[in-house]
Amino acid sequence: MLSNKRIQELELVMEFEKVEECFKEVSSWIENVGRKRLKETINLDDSLEMLLQAQKQFREFDLIASEYCRRGQEALKKMDRWEDFSSVDVHSYRVKLQAYKDQLEEFCTQLDENRHRICETVRLYEFFDKVRQGICCMEEGVKS
């Protein structure tokens, strides 16, 4: 039984090394591209036109970022079996796996929050724009 468990652990390590390339690629993209682009969306412009342009740019980025999130999550799913192993030899791999998982979850959460914030901001600006237009129309009607 001990020998079988050790063989399973070695198989997991070999599997981890295969999947780790995907983790490294996703992690590198998050750090070098993803986080920078998310920071760019923190300060949104004050006009509806500029906000709509920022939303369009974010949607293009969001498609790519969502694909990286999906790929990272698929890679993590392949490593679900790690939960059952607690040996010292596997520990360092579990630590790496947890770091990748934390990074991916944090980035995907920030992506979702920014998507929601931009959408809500656009809706708010569109509402205020309609109100402003309505007030202008009323003022013109009163002047006539």
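The figures here come from the full heavy-atom set of this structure, side chains too, leaving out hydrogens, waters and symmetry mates.
Using a 4.0 Å cut-off between a side-chain N of Lys or Arg and a carboxylate O of Asp or Glu, R35 and E106 qualify as a salt bridge. R70 and E74 are joined by a salt bridge, as a carboxylate oxygen and a charged side-chain nitrogen come within less than 4.0 angstrom of each other. Under a 4.0 Å N-O distance rule, the pair R37/E40 qualifies as a salt bridge.
The structure places CE of M79 at 11.5 Å from SG of C22, a figure rounded to the nearest 0.5 Å. Note that CD of E15 is 8.0 Å distant from NZ of K78, once rounded to the nearest 0.5 Å. Taking NE2 of H116 as the start and CG of L111 as the end, the distance is 13.5 Å to the nearest 0.5 Å. Distance check, rounded to the nearest 0.5 Å: SG of C137 to NZ of K130 gives 13.5 Å. The line from CG of L97 to OG of S92 is 11.0 Å long, rounded to the nearest 0.5 Å. A distance of 4.0 Å separates OG of S3 from CD1 of I7, quoted to the nearest 0.5 Å.
Side chain of T41 to main chain of L38: a donor-acceptor pair is present (N/O by atom type, distance under 3.5 Å, no hydrogens or angles).
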Derivation and outcome, side-chain contact (heavy atoms from CB on, under 4.5 Å), residues K96 and F23: CA-CA 10 Å; K96 283 183 185 181; F23 289 141; over 6 Å; no
E31/Q103 under side-chain contact (heavy atoms from CB on, under 4.5 Å): CA gap, chis, key distance, verdict: CA-CA 9 Å; E31 291 304 317; Q103 179 193 39; 2.7 Å; yes
Chi angles and distances behind the side-chain contact (heavy atoms from CB on, under 4.5 Å) call for Y68, E25: CA-CA 9 Å; Y68 275 96; E25 182 183 338; 4.2 Å; yes
Verdict with reasoning, K36 to K39, per side-chain contact (heavy atoms from CB on, under 4.5 Å): CA-CA 5 Å; K36 290 176 185 174; K39 285 180 184 176; 5.8 Å; no
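Applying the salt bridge (Lys or Arg N to Asp or Glu O under 4.0 Å) test to residues at least two apart or on different chains, the pairs with a partner in residues 50-65 are D62-R115.
Side chains of Q73 and K77 form no contact here, defined as non-hydrogen atoms less than 4.5 Å apart. Residues T109 and E113 form a side-chain contact, since some pair of their non-hydrogen atoms from C-beta on lies under 4.5 Å apart.
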Name each donor-acceptor pair under 3.5 Å that joins a side chain in residues 119-128 to protein atoms two or more places apart or in another chain, with its distance.
| unit_1 | atom_1 | unit_2 | atom_2 | d |
| --- | --- | --- | --- | --- |
| E120 | OE2 | R123 | NH1 | 3.0 |
| T121 | OG1 | R117 | O | 2.7 |

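The two residues G72 and L104 have their closest heavy-atom pair at C-CD2, 3.4 Å.
Using a 4.5 Å cut-off between side-chain heavy atoms of Ile, Leu, Val, Met, Phe, Trp and Tyr, with links allowed through other members, M50 and L52 fall into different hydrophobic clusters. In the hydrophobic cluster analysis, where Ile, Leu, Val, Met, Phe, Trp and Tyr join through side-chain heavy atoms closer than 4.5 angstrom, L12 is grouped apart from L10.
Donor-acceptor pairing under 3.5 Å is recorded for the side chains of D102 and Q98.
For E49, the CD atom counts as loosely surrounded, since its 6.0 Å shell holds 12 or fewer non-hydrogen atoms of other residues, nucleotides or ligands.
Residues passing the ring pair (Phe, Tyr, Trp, His ring centres under 6.0 Å) test with F107, sequence neighbours excluded: W29.
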